[in-house]
Amino acid sequence: MANLEFKVFWDECIRQIRENKIDEAEFHLWFEKLVYKSYDNSQLIIETPSRFYRDQVLSRNYNTLIEKTLEELSGSRIKVDFIISENKEEEVYDDDDPEEIAPVRETVKKSIPVSERRVSHPQLQTNFTFDNYVIGNNNDFAVGAAKAIADNPGKTQYNPFLIYGGVGLGKTHLMQAIGNQVYEANPQAKIVCIPSETFVNEFIQSIRTNTQNNFKNKYRKVDLLLLDDIHDLQDKNDTQEELFHTFNALYDFDKQLVFTCDRPPSELKKFNDRLKSRFQRGLMVDLQPPSYETRIAIIKKKIEQTNYTGEISLEVIEFISRNITSNIRDLEAALNRIIGYADIVKKDITVETVKNLLQQYFSVSPQTAVNIAKIQKVVSEYFNVSIMDIKGKKRTQKITFPRHIAMFLSRELTDYSTTEIGIEFGGKDHTTVMHACQRIDERMAVDSTLEPMITELKKNIYS
Ligand code: ADP
Ligand code: MG
């Protein structure tokens with residue numbers, strides 16, 4: 001088929017995709033700027049405005065969608081290739097940051113006022129403060145200790161202070177919050193805040209260039225040493241030895257030391273025992289993953305910090321909290337994606353949109369963690385009735401109310417239909433389930449104690 005004739009197929013393909021295959025916002029974002037270039041020998045060439053754009057089209061598998069649609073239309077297999085327009089005006093993609101999609105990037109840029117972009121201490125992030133750190137029962141002890149240290153560095157018995165815990169749980173943020181507070185109270189204080197890797201590299205470099213004295217002077221004369229990720233020192237014997245001496249020099253003069261580690265120091269491998277015991281001399285705290293309730297509080301805080309002006313409903317916040325349970329870094333990344341998306345499509349964020357975005361970026365299959373059995377168990381414990389009664393037929397008030405609540409939560413928190421929920425509740429009819437949900441809805445409208453109770457139950461279900 002000739003070049004121009006094929007354009008008819010292309011136009012039809014685009015029309016079908018728009019009408020039947022994806023939603024309008026997505027179409028507007030990723031299809032409108034595709035330009036038909038040429039067709040030859042079952043190979044179609046399409047122009048995209050930028051490399052970023054092309055990468056997005058491919059990563060979203062739109063090439064497959066196009067190929068499939070064309071095959072349906074033309075009856076033969078077509079290969080689509082994307083080229084990049086010579087005109088670079090549209091380029092918004094930053095080569096240094098391949099992971100970040102442009103929209104998110106733009107939002108982040110916009111949200112930081114110029115005045116705050118100034119780095120107050122070259123090694124401290126201005127937003128890693130106590131004010132921005134949400135306290136939950138996973139970290140309250142650690143935060144309390146960190147604040148006491150920041151008020152009186154080197155003067156409490158918490159020296160050294162060691163924060164440990166898994167990735168993305170807030171170790172670096174908490175450590176830097178100490179640094180920021182000390183720096184604010186005393187800008188003259190000598191604060192060093194570096195990853196352990198930097199310490200290793202500078203030490204090696206000082207040996208190479210025969211400048212060990214400079215190195216020693218630099219690190220043995222600070223008021224506050226914040227050393228991040230000390231697990232990276234495993235297997236680095238000479239650097240460990242050097243840190244041991246740095247440690248002693250500072251400790252003996254009541255200078256504050258703070259370390260972070262991805263595990264308790266006792267579990268460090270290939271580590272100098274003397275140094276290990278030094279780490280354990282002061283106070284060690286661990287950061288746990290945040291509970292459902294804390295995840296909600298963190299998301300609310302993060303939303304406040306962006307300049308997103310649209311509405312994000314509690315339902316959406318709860319949905320994200322329910323599905324991203326791993327750590328705070330993931331939670332934050334998810335939220336940034338969602339806000340970035342909402343910012344460009346200029347639409348309200350619905351649970352449905354969030355579901356799609358999370359699946360796309362985080363391979364999350366929504367709500368797998370909750371099943372009806374878990375809901376029944378939590379509700380039965382909360383009201384002190386047996387699961388058998390919840391699933392049974394007794395109709396005393398003591399039992400029907402918890403039963404209705406459990407049905408209501410099953411409908412709200414799972415993807416089961418009312419028919420399926422009925423089956424899980426001892427083979428009841430779907431109208432019974434609908435009736436129960438309606439009763440709870442009605443009661444919620446007049447009884448203000450119900451909502452906190454339901455929140456509490458959800459918290460227990462997800463914790
Ligand atoms: P870690 O060093 O443990 O891997 P980070 O300190 O880098 O984790 O935290 C990852 C992200 O999560 C950071 O952006 C940080 O601001 C955010 N974060 C972590 N804990 C909290 C918290 N309690 N409240 C608000 N934000 C948090
Ligand atoms: Mg860290």
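One-based numbering, in listed order, for ligands and for the atoms of each.
- With respect to the salt-bridge test (charged N to carboxylate O, under 4.0 angstrom), the residues Arg274 and Glu241 qualify.
- In the vicinity of Asn139, heavy-atom distances shorter than 4.0 Å reach the ligand 1 atoms 23 (N).
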Handout entry: Residues Glu412, Lys458; criterion salt bridge (charged side-chain N to carboxylate O under 4.0 Å, His left out); working and verdict
Key = CA-CA 10 Å; Glu412 195 166 293; Lys458 283 185 189 169; 2.8 Å; yes
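- The pair Glu242-Arg220 meets the salt-bridge criterion, since a charged nitrogen lies less than 4.0 angstrom from a carboxylate oxygen.
- Here the protein heavy atom with the shortest distance to atom 27 (C) of ligand 1 is Ile328 CG2, 3.5 Å.
- By the 4.0 Å N-to-carboxylate-O rule, Lys300 lies too far from Glu304 to be salt-bridged with it.
- Ion pairing of Lys218 with Glu202 is present here, as a side-chain N (NZ or NE/NH1/NH2) and a carboxylate O approach within less than 4.0 Å.
- With waters neither drawn nor counted, the protein N/O/S atoms under 2.8 Å from the Mg ion (ligand 2) amount to 1.
- Between Leu169 and ligand 1, at least one N/O pair is under 3.5 Å apart.
- A cation-pi geometry, defined here as NZ or CZ lying under 6.0 Å from the six-membered ring centre and within 45° of its normal, holds between Arg281 and Tyr251.
- The shortest contact between atom 7 (O) of ligand 1 and any protein heavy atom is with Arg329 NH2, 3.0 Å.
- One N or O on the side chain of Asn327 and one on the backbone of Asp330 form a donor-acceptor pair closer than 3.5 Å.
- Between the side chains of Asp131 and Thr129, no donor N or O sits under 3.5 Å from an acceptor N or O.
- A salt bridge does not link Glu47 with Lys33: every distance from a Lys NZ or Arg NE/NH1/NH2 to an Asp or Glu carboxylate oxygen is 4.0 Å or more.
- The protein atom (non-hydrogen) at minimum distance from atom 25 (C) of ligand 1 is Asn132 O, 3.3 Å.
- The distance criterion of under 3.5 Å between nitrogen or oxygen atoms is met by Gly168 with respect to ligand 1.
- Between Lys255 and Asp223 there is a salt bridge, with a side-chain nitrogen of the basic residue lying less than 4.0 Å from a carboxylate oxygen of the acidic one.
- Close to ligand 1: Gly166, with a non-hydrogen atom less than 4.0 angstrom away.
- The atoms of ligand 1 that sit less than 4.0 Å from any heavy atom of Val167 are 4 (O).
- Summarising the contacts of atom 11 (C) of ligand 1 with Glu332, Arg295, Lys171, the nearest heavy atom is found in Glu332.
- Heavy-atom proximity to Lys302, at under 4.0 Å, picks out these atoms of ligand 1: 16 (O), 17 (C), 25 (C), 26 (N), 27 (C).
- Nearest protein heavy-atom contact of atom 23 (N) of ligand 1 is Val134 O, 2.9 Å.
- Scanning the protein for heavy atoms near atom 15 (C) of ligand 1, the closest one is His173 ND1, 3.4 Å.
- Counting heavy-atom neighbours within 6.0 Å of Glu32 CD, excluding the residue itself, gives a total above 12.
- Geometrically, Arg403 does not engage Phe383 in a cation-pi contact, judged by NZ or CZ lying under 6.0 Å from the ring centre and within 45° of the ring axis.
- The shortest N/O to N/O separation between Leu174 and ligand 1 does not fall below 3.5 Å.
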Exercise for the section: Would you please test Ser196 and Phe259 for side chain to side chain contact (heavy atoms under 4.5 Å, CB included) and show each step? Expected result: CA-CA 9 Å; Ser196 295; Phe259 303 102; over 6 Å; no
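- In terms of N/O distances under 3.5 Å, ligand 1 is approached by Gly170.
- Looking from atom 2 (O) of ligand 1 to the surrounding protein, the closest heavy atom is Thr172 OG1, 2.7 Å.
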